[in-house]
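Reading through the structure tokens given below for one structure.
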Amino acid sequence: MRIPSNKIADVVRFFRDELKSNYENDEVETFIAFCFEEFVGLKRADIFLNSNTSISESELLKFNFAIKDLNQHKPIQYILGKADFYGLKFIVNPHVLIPRPETEELVDLIIKENEESKIISILDIGTGSGCIPISLKNNMPSSTVYSMDIS
């Protein structure tokens with residue numbers, strides 16, 4: 001597996017070609033956007049505006065590894081080492097569950113149900129990434145929050 005050049009257009013083309021047999025087009029485009037933002041610092045629109053720009057060899061290598069991992073069905077959050085949750089970014093790895101949209105709904109429900117008091121005590125056991133207690137504390141700063149995990 002080798003990307004033909006370090007031009008952004010070639011990286012994008014290679015990314016699409018390598019992943020098209022395992023993923024839907026929309027999902028591949030999302031992976032491309034996530035990787036370019038993380039590895040190169042380019043937003044989705046900037047990828048196409050800078051298609052003839054070259055990226056570094058180290059950035060190219062990151063794309064190669066990401067494509068390889070994606071073809072082995074490794075979640076993009078583990079590849080990038082982070083996941084978005086309730087407007088915040090959390091560090092994730094295979095020892096931590098990737099935060100789910102359903103969990104965001106739970107956090108949102110807790111915040112809305114406690115809008116008036118906003119002073120509650122929260123205990124999260126098996127916190128993993130810490131997304132629940134951190135998001136709750138971030139939105140309910142007067143609350144007391146405890147969390148723990150085995151690792």
Side-chain angles (χ1 to χ4, degrees), residues 1-114 122-141 145 147-151:
M1 177 168 72
R2 186 158 146 59
I3 299 174
S5 83
N6 60 348
K7 289 194 184 298
I8 289 174
D10 288 332
V11 174
V12 169
R13 193 174 308 110
F14 186 76
F15 215 106
R16 288 176 180 146
D17 289 345
E18 287 295 313
L19 297 178
K20 67 183 174 189
S21 63
N22 287 323
Y23 297 96
E24 298 290 326
N25 289 339
D26 290 345
E27 197 168 15
V28 172
E29 294 304 316
T30 300
F31 294 153
I32 290 169
F34 285 168
C35 288
F36 268 96
E37 186 167 350
E38 181 65 26
F39 302 153
V40 186
L42 291 178
K43 300 276 187 204
R44 190 180 295 247
D46 296 328
I47 296 168
F48 302 102
L49 293 173
N50 297 289
S51 61
N52 287 323
T53 303
S54 296
I55 61 174
S56 71
E57 289 295 319
S58 65
E59 291 165 338
L60 201 59
L61 192 59
K62 290 177 186 177
F63 280 100
N64 264 318
F65 285 128
I67 291 166
K68 179 182 172 206
D69 286 343
L70 285 166
N71 273 326
Q72 293 174 355
H73 302 284
K74 185 174 181 180
I76 190 71
Q77 295 90 337
Y78 289 158
I79 294 167
L80 301 178
K82 61 180 77 168
D84 291 325
F85 184 86
Y86 216 78
L88 302 169
K89 291 199 181 292
F90 289 87
I91 297 170
V92 294
N93 61 46
H95 302 288
V96 174
L97 294 175
I98 296 166
R100 309 267 312 144
E102 297 84 359
T103 309
E104 278 184 301
E105 291 175 16
L106 173 67
V107 166
D108 195 51
L109 180 69
I110 293 167
I111 292 167
K112 286 179 179 170
E113 284 188 357
N114 294 283
I122 299 163
L123 172 62
D124 183 27
I125 299 172
T127 197
S129 68
C131 65
I132 295 172
I134 292 170
S135 297
L136 290 171
K137 183 67 173 177
N138 189 53
N139 287 277
M140 302 166 58
V145 180
S147 62
M148 69 173 107
D149 200 280
I150 195 166
S151 35

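Here Asp124 contributes atom CG and Ile122 contributes atom CD1; the two are 9.0 Å apart, rounded to the nearest 0.5 Å. If you take OG on Ser21 and CG on Asn71, they are separated by 6.0 Å, rounding to the nearest 0.5 Å. The CD1 atom of Ile8 lies 5.5 Å from the CG atom of Asn50; values are rounded to the nearest 0.5 Å. One distance of note links CG of Asn139 with CG of Asn114; it measures 12.0 Å at 0.5 Å rounding. Here the OG-CG distance, from Ser5 to Asn52, works out to 9.5 Å after rounding to the nearest 0.5 Å. Within the model, atoms NZ of Lys62 and CG of Asp69 stand 14.0 Å from one another, a figure rounded to the nearest 0.5 Å.
No more than 12 heavy atoms of other residues, nucleotides or ligands shown are found within 6.0 angstrom of CD1 on Ile91. Counting non-hydrogen atoms of other residues, nucleotides and ligands closer than 6.0 Å to CG of Leu109 gives a total above 12. Counting non-hydrogen atoms of other residues, nucleotides and ligands closer than 6.0 Å to CD of Gln72 gives a total above 12. Atom CG of Leu49 has more than 12 neighbouring heavy atoms from other residues, nucleotides or ligands inside a 6.0 Å radius. By the 6.0 Å contact criterion, OH on Tyr78 is enclosed, its count of non-hydrogen atoms from other residues, nucleotides or ligands being greater than 12.
In this structure, Leu123 and Met148 approach most closely via the heavy-atom pair CD1-CE, 4.4 Å. Between Ile132 and Phe85, the closest heavy-atom pair is N-CE2, 4.4 Å. Residues Lys89 and Asp84 approach most closely at NZ-OD1, 2.7 Å, considering heavy atoms. Here the closest non-hydrogen pair linking Asp149 and Thr127 is OD2-N, 3.2 Å. Across Ile111 and Ser135, no two heavy atoms sit closer than the pair CD1-O, 4.4 Å. Considering all non-hydrogen atoms of both residues, Glu104 and Gly87 come closest at OE2-N, 4.5 Å.
Ring geometry for Phe63 versus Phe36: interplanar angle of 30 to 60°, hence tilted.
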Should Arg44 and Thr30 be marked as a side-chain contact (heavy atoms from CB on, under 4.5 Å) after you check the CA-CA gap, both sets of side-chain angles, and the distance that decides it?
CA-CA 9 Å; Arg44 190 180 295 247; Thr30 300; 4.2 Å; yes

Does Phe14 form a side-chain contact (heavy atoms from CB on, under 4.5 Å) with Asn64? I'd like the steps, not just the answer.
CA-CA 10 Å; Phe14 186 76; Asn64 264 318; 4.1 Å; yes

Would you check, one step at a time, whether the test side-chain contact (heavy atoms from CB on, under 4.5 Å) holds for Leu80 with Phe39?
CA-CA 9 Å; Leu80 301 178; Phe39 302 153; 3.9 Å; yes

Candidate pair Val28 and Lys20, rule side-chain contact (heavy atoms from CB on, under 4.5 Å), full reasoning:
CA-CA 7 Å; Val28 172; Lys20 67 183 174 189; 5.7 Å; no

Start with the C-alpha gap between Asp108 and Lys112, add the side-chain angles, then the distance that decides, and say whether salt bridge (charged side-chain N to carboxylate O under 4.0 Å, His left out) holds.
CA-CA 6 Å; Asp108 195 51; Lys112 286 179 179 170; 3.0 Å; yes

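No side-chain heavy atom of Ile134 sits under 4.5 Å from any side-chain heavy atom of Ser147.
A donor-acceptor distance shorter than 3.5 angstrom exists from the side chain of Tyr23 to the backbone of Leu70, with no hydrogens or angles considered. The backbone N or O of Ile55 lies less than 3.5 Å from a partner atom in the side chain of Asn6, making a donor-acceptor pair.
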